[in-house]
Amino acid sequence: MTAISTYKLLNIILIESQFKRQPNIHFEEEGYHNNIDINLENQTSDNKIFITLTVDFKAGVGEKEDIEAMAKMLGVFEFEEASQIPLKEFANINGPAIIFPFIREHIASCSVKAGINPILLPPINFVKLLKDKEK
């Protein structure tokens with residue numbers, strides 16, 4: 001029986017984090033909105049791929065931002081040349097999908113410590129995100 005070569009998670013590292021809230025927030029205010037921006041970078045060196053995922057979250061009414069949160073995490077993965085998942089696919093879909101729950105947990109934890117209900121970021125479809133980026 002042949003072993004399947006694949007990607008191995010070596011580490012997930014918090015690179016940068018920011019959280020800011022206004023003292024008085026009125027979540028019930030009409031027009032309250034959330035905005036999420038995602039940035040993805042990756043690079044390879046030898047048999048390692050380094051994937052940096054940055055998530056920016058903002059919430060408020062109009063241009064007024066009541067809450068601003070940002071988390072940037074680096075995922076370090078080891079791979080073999082004969083991996084079944086192509087490197088580009090792993091770097092843009094699988095790797096970020098592994099890192100994203102750690103960012104979700106970090107932002108949720110920060111929001112609770114800030115005295116508000118947990119900010120639970122919605123799941124992200126990284127396949128769709130890649131397709132949209134390629135257009």
Side-chain angles (χ1 to χ4, degrees):
M1 184 173 220
T2 308
I4 298 174
S5 49
T6 186
Y7 295 83
K8 178 181 175 185
L9 174 63
L10 299 178
N11 207 352
I12 293 185
I13 303 164
L14 177 63
I15 300 295
E16 186 177 350
S17 175
Q18 296 176 348
F19 193 95
K20 182 174 140 183
R21 66 157 285 179
Q22 296 300 318
N24 297 314
I25 302 173
H26 303 286
F27 293 106
E28 66 282 346
E29 196 170 332
E30 189 174 322
Y32 206 86
H33 68 278
N34 297 329
N35 184 40
I36 301 170
D37 288 318
I38 296 176
N39 185 32
L40 178 62
E41 299 171 11
N42 61 69
Q43 63 183 43
T44 57
S45 177
D46 298 322
N47 67 328
K48 290 185 177 70
I49 182 163
F50 303 87
I51 302 171
T52 304
L53 183 63
T54 305
V55 176
D56 283 298
F57 172 85
K58 294 182 181 175
V61 177
E63 292 185 24
K64 178 184 159 216
E65 303 295 348
D66 288 332
I67 301 168
E68 296 178 50
M70 185 279 296
K72 178 190 268 189
M73 291 195 173
L74 170 70
V76 182
F77 300 87
E78 189 174 64
F79 67 95
E80 296 179 17
E81 292 297 328
S83 295
Q84 289 190 339
I85 301 170
L87 189 59
K88 179 183 175 191
E89 182 179 326
F90 185 85
N92 290 289
I93 298 170
N94 302 72
I98 292 168
I99 300 166
F100 186 69
F102 291 88
I103 290 178
R104 287 182 78 202
E105 184 281 327
H106 180 73
I107 290 177
S109 178
C110 288
S111 62
V112 170
K113 290 175 184 175
I116 58 178
N117 288 331
I119 296 171
L120 301 174
L121 299 177
I124 300 296
N125 183 340
F126 287 98
V127 173
K128 182 180 182 315
L129 198 65
L130 177 61
K131 287 179 182 176
D132 291 348
K133 182 181 172 184
E134 290 176 342
K135 285 183 184 177

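Note that this is a predicted model, so its numbers are computed, not measured.
In this structure the side chain of Phe102 never reaches within 4.5 angstrom of the side chain of Leu53, judged on heavy atoms. You'll find the side chain of Glu68 stays beyond 4.5 Å of the side chain of Gln18, heavy atoms only. The shortest distance between side-chain heavy atoms of Pro96 and Leu129 does not fall below 4.5 Å.
A single hydrophobic cluster is not seen to contain both Val55 and Val112; linkage of ILVMFWY side chains at heavy-atom distances under 4.5 Å, directly or through other members, places them apart. No chain of hydrophobic side-chain contacts below 4.5 Å, direct or via other Ile, Leu, Val, Met, Phe, Trp or Tyr residues, connects Ile25 to Met70.
Atom NZ of Lys58 and atom NZ of Lys20 lie 9.0 Å apart (nearest 0.5 Å). Separation of atoms CD1 (Ile98) and CD1 (Ile93) is listed at 12.0 Å; rounding is to 0.5 Å. Atom CE in Met73 sits 5.5 Å away from atom CD1 in Ile103 (nearest 0.5 Å). Note that CD of Glu78 and OG1 of Thr6 are 11.0 Å apart. Values are rounded to the nearest 0.5 Å. Note that NZ of Lys113 is 15.5 Å distant from CZ of Arg21, once rounded to the nearest 0.5 Å. Remark: Ile116 CD1 to Phe19 CZ distance equals 4.0 Å, nearest 0.5 Å.
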| message | Between Leu87 and Phe79, does the side-chain contact (heavy atoms from CB on, under 4.5 Å) criterion hold? Intermediate values first, please. | response | CA-CA 9 Å; Leu87 189 59; Phe79 67 95; 4.1 Å; yes
| query | Hey, mind stepping through Phe90 and Phe77 against ring-ring contact (aromatic ring centres under 6.0 Å, His included) and telling me if it holds? | reply | CA-CA 10 Å; Phe90 185 85; Phe77 300 87; 5.0 Å; yes
| request: Determine, stepwise, if the pair Asn92 / Asn42 fulfils side-chain contact (heavy atoms from CB on, under 4.5 Å). | output: CA-CA 8 Å; Asn92 290 289; Asn42 61 69; 4.1 Å; yes
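Remark: side-chain polar atoms of Tyr7 are not paired, donor with acceptor, to backbone N or O of Asn94 under 3.5 angstrom. Judged by distance alone, the side chain of Asp46 and the main-chain N or O of Lys48 form no donor-acceptor pair under 3.5 Å.
Heavy atoms only, all atoms of each residue included: Leu121 and Phe100 are closest at CB-CZ, 4.1 Å. Nearest heavy atom pair, residue Ser111 against residue Pro118, reads OG-CA, 3.2 Å. Taking both residues in full, the closest heavy atoms of His106 and Ala71 are given as CD2-CB, 3.9 Å, listed atom of the first, atom of the second, then distance. The heavy-atom pair separating Leu120 from Ala108 by the smallest distance is CD2-CB, 4.2 Å.
Ala59 meets the side chain to side chain contact (heavy atoms under 4.5 Å, CB included) test with Tyr32, Asn34, Phe57, Ile67; sequence neighbours excluded.
Taking Ile, Leu, Val, Met, Phe, Trp and Tyr as members and joining any whose side-chain heavy atoms lie under 4.5 Å apart, directly or through other members, the hydrophobic cluster of Leu10 also contains Ile13, Ile15, Phe50, Leu74, Val76.
Counting heavy atoms of neighbouring residues, nucleotides and ligands inside a 6.0 Å radius, atom NZ of Lys128 does not exceed 12 of them. In the displayed structure, Asp37 atom CG is contacted under 6.0 Å by more than 12 heavy atoms of other residues, nucleotides or ligands.
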